[in-house]
Structure formats: structure tokens, C-alpha cells
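Only this structure's heavy atoms are used, side chains among them; waters, hydrogens and symmetry mates stay out. Each chain gets a letter, A, B and so on, in the order its sequence line appears, and its residues count up from 1.
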Number of protein chains: 2
Amino acid sequence: MRVHDVSDVLHAPYDRGMTEPSTTLADALREQIIAGDFSPGTRLSEAAVAARLDVSRNTLREAFRVLAQHGLVEHIPHRGVSVASPTTADVVDIYRARRLIECGALRGASPLHPSVADMRAALERAEAALEEADWATVGTANMAFHRALIALSDSPRLERSHGHLAAELRLAFLAIDDPESLHRPFVARNRTVLEALVGAGPDAAADELERYLTESERRVLGAYARMGRD
Amino acid sequence: MRVHDVSDVLHAPYDRGMTEPSTTLADALREQIIAGDFSPGTRLSEAAVAARLDVSRNTLREAFRVLAQHGLVEHIPHRGVSVASPTTADVVDIYRARRLIECGALRGASPLHPSVADMRAALERAEAALEEADWATVGTANMAFHRALIALSDSPRLERSHGHLAAELRLAFLAIDDPESLHRPFVARNRTVLEALVGAGPDAAADELERYLTESERRVLGAYARMGRD
DNA sequence: GTCGCACGGATTGTTGAACAATGCGGGTCC
DNA sequence: GGACCCGCATTGTTCAACAATCCGTGCGAC
């Protein structure tokens, strides 16, 4: 069953912590969105969401502005915001940007960079989850692998941009809803990338990564086509 | 004389047009900031800016959130927002990201792409402004050249990221306030890049662009060092 | 003198209510 | 069936208020 309205979703009010709601609020909403609490395309009524999260409309609107900048939410004037639902063109663009940024980061990386350990750790988590057919965890770990890969560049701004791409892409995965075929084949490929990096060197790893991304894009687009998606 | 408080700046209320203030408002503020109406580091008091732009604090805060996401403004909880003032580390990071994105876009580009015409047009504007020692226009045209260069990638997301980098970098230029040395030498280099693209091909152009960016970074960092800047 | 600390003013964070402006759906009329 | 119009729901924005936090100031202790 698909969720098509906020009211269909039950969840606790976001956790009020020590920081300001308006900052944390966007984070909380982001987490819920990429966790799939609201499926892509869901309309987010200001009044409904504000009531459910127990914040005022004004505060919520600030959070929405942030999410809209991240591409996680689409804001159309006088028509409200809805969870972004990446089109085929969006997917193509996301992968184009990923290829450029990830391969570039990898090509300029040192195999001795501390993040290599993070990549390895993420890879091992993915391989462990693979054993148990826990595709959600596999997906998360794959994501972490690529995040660590970008960290090789030591560039906060590239990490930020890549984070946005990853979040948007996750929405596309949610829309497809076939985690196994989207995540399973790519654990082995990630291992190949990592071993190429510490073995054959950054350029070979980047070439391998490029194949990875092209294949991943092909899968997503194929699924979209089968769904008759725009 | 440097501006250090909003109250020092005189300007008309932002132009109320047909679209919603909250969207246009961020744009208007962005324009004013990158035009140098508020010098980097200036504190932007909510009450003062709201009064001057004739909007409510709530609406202004939405705009601030957007600008903060763009990196144009720094928002510290309970301490308000100030115009970003890129540190040396920021400059290094911005150039690192620019090198990766711009060189990557160029390397994957076709010399037959329509944006090549835009690059040429921007270059000619820069060369014309150079004749008249109009450094501000030279800077704007140089910026447009690189924007057109990114457009070679046909990736809206890369264009957006690059736009943010360019805006942040402009703040660094504002802080330096020596437009001639920052813009003059690079017109000829842009021509070299363009001619390499249509002549020797994308890879040669990318190599040239890399030298361009390294040299530009060196100038900015040098100026920062001479200013005793963080 | 200066270090720590309490106090108060100023600013930010958030709320709730209100109203204008816009979009959407339904009904009517031709 | 299609064009038009009207009413309702939602968004965009403002305002006033209050809580929470920060910052400068002055005081006292050492």
C-alpha cells in the first residue's frame, strides 16, 4: 500500500533536543523522507505536517525551504510542497553529476587516505548484510561506501553536493521499491573499486567506478521504464 | 570605506513583482550581497533588514535559510546571520571543488556543444571590457565564461553547485577588493582554454583550465596572506 | 588590576491568529 | 461536451507576543 497523504502516516513528534527546532526540524523531516515515511510525490500540507510534528506553520516553512534547496521536496508557489519524485531526466542528471564528482574525487585520491578505512568498513557492513539478505542495510552501507569515497577529496563542499545527490537518488530507489536488484549486485563492484584503489591505483579504480555507476544507472532507468514512469 | 552594519546601506525596498516575495526575496538579497552592498562579515540583523526591505521577520527568515544553504550567509543559532566571509580554508575548498567540476565538465564536453558559443560571447565581452579597464565587467564576463563552460555538461545539478561556488568565491573577491589583479590576467587564459577546446580538444582544454584555476587560487591566497586574513 | 559572576537589555526562536491571494473542484449554463 | 463562475481549501504574509539565549556591563572578591 502506498502512502498518499500525510494523514496516512503515524509517527511520533520529532525529538526535541538541545538544538533549535528549525535546524533539527529539517533534519528530522529529511530522515523521515529518505526513510520512506512519505512516499515520493506525497503532498505535504503545511497544516497537517505542522500539527503532526507539533510546530507552527512558520517554523515548518523554514524547514521546507531548506529541504527544497536539497532537492528533497518540490515547492510550487501557491500549490505547496510535495516529496520530490525524480523523473527519468532527474535520474540521468543525478548519475551524470555522480560520475563526474565521484570519479574525479577517486582519481585525485591517495590510497593511503584515512577514508579508505571507512570505505572498507562500509564495504564489510554491506557484505555482512548481504549474507542475511537485508537489502535495506546493504543499501545504506553502499551509500556509506560512496560517502567515504567522496571524503577522499577532503572537500566539505563536494561532500555536501554529493550528499544531496545521494538523498535525491534514494527517493528514486524508494519509488522503484525493489531493493534487492538495486543494491545486491553492487557490493561486489564496490569491492572491486576498493581493491583497484589500493592495488592498481586511483585511475584504475575510477575506471571501475565509472562502470559501476553506468550499470547502476541502467538498472534504475530500466525499472523506471518498466513502471511506465515519466 | 567599508560597510559594517545594515543601517549604513541605503537602497530601495526590493522590487515587488509578480512572484512571491519569499522566493524573490532570497534572490534580491543574493544579488545585493554578491554586488557587495553588504561587505563580507556584516551582521544582518533580522529586524533591521526586515524593516529596510519592508517584509516581516518570518518571511525574511525563510529567505535567510535559502541563502544559508547557498553558503552566502552564515547562520549561527541565537547569534543571527552574517554575510559569509570565506576563510583561507574555504577558498582552498572552493577551488578544489571548482577544479574537479569544471575540469570534469570540460573533459567530457564536445567542441560542438551550443554553449561554446556562449563561452565565446562571454570571452568577447571580457576582452572588450578589458580595453576599457572596466574590471567589474571583466569579472562578471569571466564568471559567465565559466558558467557557460559548466553548461557544456548539460547537468542542471552541476550548474547549481557551480553557481553556489561562484557566488561564494565572489565574496572572497569582494573581501580582497583588488579586481584588476584578480580578473585582468585571466581573460587571456580563458581564450587559451576556449581555443584549446575547439582546437586541440577537451583534454588539452581541461589541462589548460587546471592551470588557470591553480593560478587564480594562488592569487587569491596570496592576497589573503598579504591581508593577514585567516 | 583582573578574574569570575550576576543582571539586564537586545536579539533570535517560535508561536498563534489573522487576513489577502491564489488554486482547485464543482456546479451551472449554453 | 466545453466555457464560465463561484466557494472552499490552502498557501503567502503579517503582526504581536513570549521564551530562550547571548552579550556587554558593572559589581565584588582576591
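Remark: A:Gln69 pairs with B:Val66, B:Gln69, B:His70, B:Arg160 by the side chain to side chain contact (heavy atoms under 4.5 Å, CB included) rule, at least two apart or across chains. Remark: B:Thr140 engages B:Arg170 in a side chain to side chain contact (heavy atoms under 4.5 Å, CB included) (not counting sequence neighbours). In this view, B:Asp154 and B:His113 satisfy the side-chain hydrogen bond (donor to acceptor under 3.5 Å, both in side chains) rule, not counting sequence neighbours. A search for salt bridge (charged side-chain N to carboxylate O under 4.0 Å, His left out) contacts involving A:Glu217 returns A:Arg99, not counting sequence neighbours.
Note on A:Arg43: every side-chain N or O is 4.0 Å or more away from OP1 and OP2 of D:dA9. In this structure, A:His78 does not reach the D:dT13 phosphate: none of its side-chain N or O atoms is under 4.0 Å from OP1 or OP2. A close approach under 4.0 Å does occur between a side-chain nitrogen or oxygen of A:Thr59 and OP1 or OP2 of C:dT15.
Atom CD1 in B:Ile76 sits roughly 11 Å away from atom P in D:dC22 (whole-Å rounding). Across the protein-nucleic acid pair, B:Leu53 atom CG and D:dT14 atom P stand 11 Å apart, rounded to whole Å. For the pair A:Glu46 CD and C:dG23 P, the interatomic distance rounds to 15 Å; values are reported in whole Å.
Each of A:Leu60 and B:Ala47 has a nearest nucleotide on DNA chain C; the 5'-most of these lies closest to B:Ala47. A residue-by-residue look at A:Ser56 and A:Arg79 shows that A:Ser56 has its nearest nucleotide of DNA chain C further toward the 5' end.
Which of C:dT12, C:dT14, D:dT13 sits closest to the side chain of B:Arg65 comes down to C:dT14.
The salt bridge (charged side-chain N to carboxylate O under 4.0 Å, His left out) contacts involving residues 69-91 of chain B comprise A:Arg157-B:Asp90, where partners must be two or more places apart or lie in separate chains.
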Under 3.5 Å between N/O atoms: give me all the protein pairs with nucleotides 16-18 of chain D, atom names plus distance.
none

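Atom CZ of A:Arg120 is surrounded by 12 or fewer heavy atoms from other residues, nucleotides or ligands within 6.0 Å.
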